[in-house]
Every structure is written in structure tokens, then in C-alpha cells.
There are 2 protein chains.
Amino acid sequence: MNFTKTTEYAFRILSYMAKDESHLYNANELYENLKIPFRYLRKQLTLLSKAGLLISEQGKNGGYKIAKDLTTISLLDIVHATGANISGNACFFGFSNCALAEKCAIHDKWASIYENVNNVLISTNLAEFRKITNHEVLITNNKFINFKKD
Amino acid sequence: MNFTKTTEYAFRILSYMAKDESHLYNANELYENLKIPFRYLRKQLTLLSKAGLLISEQGKNGGYKIAKDLTTISLLDIVHATGANISGNACFFGFSNCALAEKCAIHDKWASIYENVNNVLISTNLAEFRKITNHEVLITNNKFINFKKD
DNA sequence: TTAATATAATACCTAAAGGTATCATTTATG
DNA sequence: CATAAATGATACCTTTAGGTATTATATTAA
């Protein structure tokens, strides 16, 4: 179970865009509000578009909006879109036949955690984020504070 | 919440050594059984020694054993020893004042997961691993299959 | 029809994690 | 004492995630 920074960015982007699903957000606007390094943000936006989570409109006055009904996009979908692998029920310790007859010492405990995480990711969809007003971003320990625009 | 490969290795090493707490394990023996790249394994063993989780004996017939009573070493101790940061109750999305008045949409859900993980790590100590017989290691998708000894 | 402003594509750079190589040091034992 | 067999220290290499730079393409509107 490993959530990368890129996955966190994707969560941040989509939860922000869920505030107004019909609005066309451009990279500048997202950058101003989300403080994700500008060029990396742009790259992620095109990837999220390719993954089918966003629709992009090119050209002047272009931008992005969420591609589907908010209720149909779960956090797990976002995790998958960013390529992060929430690795099944593999043994926490890397022991091979743990899942079988002989379980490792914390196998059951860990399995329950995993299920817990999975449930939250599956059962939480973007519609829940419509109500959020708090999108202030903390920028501590980011070496790339001086990321700037084009 | 990010468990690195190095942390997994440390879990694997210590849970294996917990089978016989008085036995002095040398790097070769651990390597044969745990299939961790030999030189990296050795590096980790010295780090775990410096961290106070292992006692090392140098020279011929030297090796390592667990430094303290098994009941006093929790999985969280191991996580900390490997430098992995189980990052407190920071917002899952990186929003700044999430923990305060205005919570993000999954703050409570995530906090409960976090607490769950934390509880397991704190409440599980190495003594639980005495009973394990299953330490077969699966070596799939390891690019360094041909790691060899000195 | 051209300039401005947006995204797309692609190649490249950087930092950190993971892994390797080399040499030094310690200790048991012949 | 010399040698073998273990760990310690340190420097370096490789892979990958994260981030940057450049050029191309699409769209609007003066």
C-alpha cells in the first residue's frame, strides 16, 4: 500500500475540480490554488485526461473538467489512474505462501487494515467533495517553492 | 503512510531472527533464507545494529542477534529504525488546515485508517513471530535475482 | 489572417531509494 | 603469528519518481 506524491496530486486536483463540475478549469487556475509545480501539474492533467477522468478542451479559453458524473469516480479509480499499485493481499513481509495455510504473525491484522483502506477508497466518490470549502494548501518542505509558470 | 522496501526487508529480517532469539545469525545464513540482495542485506544489518535493534559480533564466527527482549520491540520501532516516516495526522490530500475546524471530505475516514494501522504496528511485537514456521520467500519481479555473495 | 492563449508531445534533468564494489577492521583458530 | 571468516565504512552505480524545457498543435478573437 503505497500512495505516491503523484497520487496525492491527483486527489488534490480532482477534489478541487469537484467543487464545480461544469466549470472549465485551466492549468493556471489550478496552479494558483493547488500549488502543484506548474509543469508537472500540466503533465498530470493530460495524463488524467488520457485516463478518462478529465475532458480537456484545447485552444484559447481551453481547460479541463471532470469527465463523468461525480458519483461514478471513486478514490480507487484515481489511484488506479495514477498507476499506483495497491498491491492485493500479498504478505506484508514478502513471505510467499503466507496467504495459504500457514499465515504470518500479522497476516490477519494486516488483511483487515487493507480491507479497511480498500473500502474507504471504493466507497468514497467525488461527489462528497462538492461541499468542501477548505482547499488551502500547505507548502512546507517542498524544495520547488520557486516553481514558476511558462 | 509509506512502507518502503527497506522497511519490508527489516521486518523480514527481524521476524526471521525472532524464531530463535539467542542464536547468532550471520549475513550468509540470513541471505540464504530471506533472499535479500546480499550486500544490501549486510548494509541493513549494520544499520539495524546502529539503531539498537540488533547486536553484532565481529570477527570469525560473528553475526547478529536481536538486541532486546522480543516483547519490547514493536513493528513501529522497526518502521522508525528504517527511517520511514509514518506521517502523523496530516491531511491525506495535503490541504493545510484540514485537521482543524474545516475537515476535508474523507478526513475522518482516513484518520480512522491511520489509527488502525498505528494500533497494529504498536501492539504487534516480535514475540509474536516466535511461532512462525513459514519463512519461504517469493522472489517474483525482482530484477536482481542474480544478486550474489561477496 | 495573425496574435494570443490554451493544451499535447516529447525529451531531458534531478534527487532519492535501492543496490554494488572495494577496502578496512575484528576475532577465532590452526 | 598468519590466515580465514566474519562485520564496518565508504564510495559509487542504477532505477525510478518527480520535475523542467522545448517545440508543436488547437482555438478564439481582434
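Throughout, protein chains are lettered first and strands after them, A, B, ... in sequence-line order, and every chain is numbered starting at 1.
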Inset, instruction - Check the side chains of Tyr9(A) and Thr4(A) for a donor-acceptor pair under 3.5 angstrom, ignoring hydrogens and angles. - result: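 No, no side-chain donor-acceptor pair sits under 3.5 Å.
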Tell me: [atom1] of [X] to [atom2] of [N], nearest whole Å?
X: Leu45(B); N: dG8(D); atom1: CG; atom2: P; answer: 8 Å
X: Leu47(A); N: dG19(D); atom1: CG; atom2: P; answer: 14 Å
X: Asn26(A); N: dA6(C); atom1: CG; atom2: C1'; answer: 8 Å
X: Leu24(A); N: dT5(C); atom1: CG; atom2: P; answer: 17 Å
X: Arg42(A); N: dT10(C); atom1: CZ; atom2: P; answer: 15 Å
X: Arg39(B); N: dT7(D); atom1: CZ; atom2: P; answer: 13 Å
X: Tyr40(A); N: dA9(C); atom1: OH; atom2: P; answer: 17 Å
X: Leu41(B); N: dA6(D); atom1: CG; atom2: P; answer: 14 Å

Below the 4.0 Å mark, does [N] have OP1 or OP2 next to a side-chain nitrogen or oxygen of [X]?
X: Thr6(A); N: dG18(D); value: yes
X: Tyr64(A); N: dA8(C); value: yes
X: Tyr9(B); N: dG19(C); value: yes

Inset, instruction - Have a look at Ser49(B) and say if it touches a base, only the backbone sugar-phosphate, or nothing, with a 4.0 Å heavy-atom cut-off. - result: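 Ser49(B): no heavy atom of the nucleic acid under 4.0 Å.
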Inset, instruction - Identify whether any heavy atom of Gly62(B) sits under 4.0 Å from a base atom; if not, whether one sits that close to sugar-phosphate; answer base, sugar-phosphate or nothing. - result: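 The residue Gly62(B) makes sugar-phosphate contact but no base contact.
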Legend entry - ring pair (Phe, Tyr, Trp, His ring centres under 6.0 Å), paired with Tyr31(A), selected from Tyr40(A), Phe38(A), Tyr16(A):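 The passing option is Phe38(A).
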Legend entry - Expected output: side-chain Thr124(A) to main-chain Leu121(A) donor-acceptor under 3.5 Å: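 No; judged by distance alone, with no hydrogens or angles, the pair does not exist.
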Inset, instruction - Using the side chain to side chain contact (heavy atoms under 4.5 Å, CB included) rule, pick out the option among Ile13(B), Thr72(B), Leu54(B) that qualifies with Ile66(B). - result: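 So, applying the side chain to side chain contact (heavy atoms under 4.5 Å, CB included) to Ile66(B) and each of Ile13(B), Thr72(B), Leu54(B), only Leu54(B) qualifies.
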Legend entry - Check: Arg12(B) and Gln44(B) side chains under 4.5 Å, non-hydrogen atoms: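 Gln44(B) does not reach Arg12(B) side chain to side chain.
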Inset, instruction - Identify, between Glu57(A) and Lys60(B), the residue whose nearest nucleotide on DNA chain C lies closer to the 5' end. - result: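 Of the two residues, Glu57(A) wins.
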Inset, instruction - Specify the residue among Ser56(A) and Gln58(B) whose closest nucleotide of DNA chain C lies further upstream toward the 5′ end. - result: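 Its nearest nucleotide being more 5', the pick is Ser56(A).
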Legend entry - Side chain Lys43(B) and base dG8(D) donor-acceptor under 3.5 Å: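 Between dG8(D) and Lys43(B), which were checked side chain against base, a qualifying N/O pair under 3.5 Å is absent.
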Legend entry - Per Asn61(A) side chain, nearest of listed nucleotides dG18(D), dG18(C), dA29(D):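 Closest of the options to the side chain of Asn61(A): dA29(D).
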